[in-house]
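Taking it in order: structure first as structure tokens, then the write-up.
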2 protein chains.
Amino acid sequence: MSKGKSNTQQALSVLKELIVDNRLASGSNHLESELAEMLGMSRTPVREATLILEAQGLIEVKPRHGIRILSLSPKDMSEIYDILTELESLSAELAANMKYSEADFLVAENAIEKMDKALAEDDLESWAVADELFHSELVRLGNNGRIANIFTMYSDQVRRARKLTLNLRPKPTKSNDDHRNVLKAIRDGKAGEARILHRAHRIQAKKVLIELLEQYGFHNV
Amino acid sequence: MSKGKSNTQQALSVLKELIVDNRLASGSNHLESELAEMLGMSRTPVREATLILEAQGLIEVKPRHGIRILSLSPKDMSEIYDILTELESLSAELAANMKYSEADFLVAENAIEKMDKALAEDDLESWAVADELFHSELVRLGNNGRIANIFTMYSDQVRRARKLTLNLRPKPTKSNDDHRNVLKAIRDGKAGEARILHRAHRIQAKKVLIELLEQYGFHNV
DNA sequence: TCATATATTTACGTATACATTATAAAATTA
DNA sequence: TAATTTTATAATGTATACGTAAATATATGA
């Protein structure tokens with residue numbers, strides 16, 4: 001029945017999920033004891049989990065005000081997207097310079113196909129999942145573990161906002177072409193081109209997201 | 001008598017300093033109780049500090065083998081330098097696009113002067129300090145707080161290796177020209193140029209460092 | 001002697017008790 | 001009544017106790 005995970009690790013993953021899914025609302029405050037009771041454990045592992053979550057930028061621990069779930073302003077989103085843009089583009093470049101075989105691109109190919117299918121079925125939820133998979137796969141192919149960590153960290157932080165705007169934006173048909181072109185450049189070993197293509201793709205995505213957030217008045221997501 | 005800092009925060013900063021200065025040798029293992037005794041506090045705050053240090057990538061917590069101070073291989077250094085290259089170059093670009101006044105460049109100017117003086121006096125220690133100050137100032141001018149966090153994190157990790165190679169490398173005279181040119185481009189609002197110049201500067205620095213590490217057989221710093 | 005099983009030790013994970021300190025409440029005074 | 005001081009409350013920070021599980025040492029048998 002037990003899975004060997006420590007309570008701290010459990011608290012960490014459960015809390016992260018609650019935050020990312022917005023079930024612990026952004027901007028809300030929570031006491032250690034409250035979370036401990038919710039999770040059915042003592043304060044100690046909860047406290048340890050919150051310290052890690054703070055280091056990862058998801059929450060802020062304010063001594064007498066509880067744990068605050070951080071919300072993201074358009075400026076925050078802009079910061080994060082700028083970082084992801086650079087690091088993913090670098091990953092594309094690095095990936096193109098590695099000598100990969102066809103088999104290594106299977107997951108990325110698959111992700112693109114899933115996006116096609118999801119678009120055809122107007123299933124934006126699935127599209128978003130596949131889109132994140134593609135980006136994460138790109139980062140994996142770049143073979144820089146620290147970039148992968150940063151990517152995961154910020155993807156978590158940004159998921160709330162992306163979900164919020166998913167149905168407000170035009171159908172991301174161009175995205176799919178972009179992905180295909182980036183992957184082709186990587187396959188062909190054209191590092192500079194892969195980098196430039198992906199960078200343009202990301203810059204466009206940022207523009208769309210920020211404009212939507214401001215247009216719809218989401219000043220703190 | 002007390003300074004208001006919690007024991008956890010104290011443990012965090014003391015441990016970080018010990019690690020960065022290599023007084024806790026990279027690759028070495030330490031028990032919670034050992035560190036607690038060394039710091040004159042109970043295991044609890046030490047444990048909390050180690051969780052944060054682990055999240056920051058300085059150590060690895062291995063259940064029955066103690067806390068391991070992570071060492072850096074050339075591959076690790078390469079990963080970190082690649083990330084810093086991208087994010088600093090972006091910062092240069094962003095800084096050039098901000099409307100700064102002369103006063104905002106004082107610290108950066110000062111850092112450059114310090115580097116000149118240090119070079120003239122053959123004081124490489126001081127040069128390294130001023131060099132890091134310039135880069136950190138560049139990041140600050142970029143006005144992306146998350147990049148600043150990442151920069152601090154990886155600068156800490158890399159300091160050991162930089163110190164080690166400081167006296168092995170040729171005098172960094174060209175560095176100073178580079179810095180001046182980057183700052184001028186930022187001042188003139190030439191974003192693309194600032195980016196490209198700084199990128200080239202960073203790529204060169206990476207090349208020098210990695211070659212030195214491999215040449216001298218520092219496979220785990 | 002070597003392999004396997006058993007016992008012991010020890011470090012960690014967690015709960016809990018307690019000290020500390022910031023906030024809120026109450027009381028006092030102008 | 002409003003401001004200020006005092007008291008009380010409550011949440012955090014820290015130490016400690018203890019159960020658990022992993023690693024080591026010991027013992028047993030082939």
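Every chain is numbered from 1 and lettered A, B, ... according to where its sequence line falls, protein lines coming before strand lines. The analysis underlying the following values was restricted to heavy atoms, covering all of them including side chains, and did not include hydrogens, waters or symmetry mates.
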Whole-Å distance, Leu39(B) CG to dG13(D) P, equals 18 Å

Separation of dA11(C) atom C1' from Asn29(B) atom CG, nearest Å, is 13 Å

Rounded to whole Å, CZ of Arg43(B) lies from C1' of dT10(C) at a distance of 11 Å

Q: Evaluate the ring planes of His179(B) and Phe134(B), with Trp represented by its six-membered ring, and classify them as parallel (under 30°), tilted (30 to 60°) or perpendicular (over 60°).
A: tilted

The nucleotide from dG13(C), dT20(C), dA15(D) with an atom nearest the side chain of Glu32(B) is dG13(C)

By the 4.0 Å heavy-atom rule, please label His65(B) as base, sugar-phosphate, or nothing.
sugar-phosphate

Discussion item. Taking 4.0 Å as the cut-off, does a side-chain nitrogen or oxygen of Arg47(A) come that near to OP1 or OP2 on dG13(D)?
Written reply: yes

note: Asn7(B), atom CG; dT16(D), atom C1'; distance rounded to Å ~ 15 Å

Rounded to whole Å, NZ of Lys5(B) lies from C1' of dT20(C) at a distance of 19 Å

Between CG of Leu12(B) and P of dG13(D) the distance, given in whole Å, is 14 Å

**Message:** For His135(A) and His198(A), I'd like to know if the aromatic rings sit close, meaning centre-to-centre distance below 6.0 Å.
**Reply:** yes

Distance test, side-chain N/O of Thr8(B) to OP1/OP2 of dG13(D), below 4.0 Å
no

Distance-only donor-acceptor test, Ser33(B) side-chain atoms vs dA11(C) base atoms, 3.5 Å
no

Exercise. Around atom CD of Glu34(B), are there more than 12 heavy atoms of other residues, nucleotides or ligands at under 6.0 Å?
Worked result: yes

By nearest-nucleotide position on DNA chain C, the 5'-leaning member of Pro63(A) and Glu48(A) is Glu48(A)

Worksheet item: Is there a donor N/O on one and an acceptor N/O on the other, under 3.5 Å, for the side chain of Arg64(B) and the base of dA11(C)?
Response: yes

Separation of dA15(C) atom P from Gln10(A) atom CD, nearest Å, is 11 Å

Here the distance between atom C1' of dG13(C) and atom CG of Leu51(B), to the nearest Å, is 11 Å

Requested in this report: Test side-chain contact (heavy atoms from CB on, under 4.5 Å) on Asp21(A) and Glu17(A) and set out the steps.
Outcome: CA-CA 6 Å; Asp21(A) 292 357; Glu17(A) 196 182 316; 3.8 Å; yes

* To do: Measure up the Phe218(A) and Tyr216(A) rings against each other and bin them: parallel (under 30°), tilted (30 to 60°), perpendicular (over 60°).
  => parallel

Next item on the list: Give a yes/no answer on whether the side chain of Thr44(A) brings an N or O atom under 4.0 Å of OP1 or OP2 in dT14(C).
Entry: no

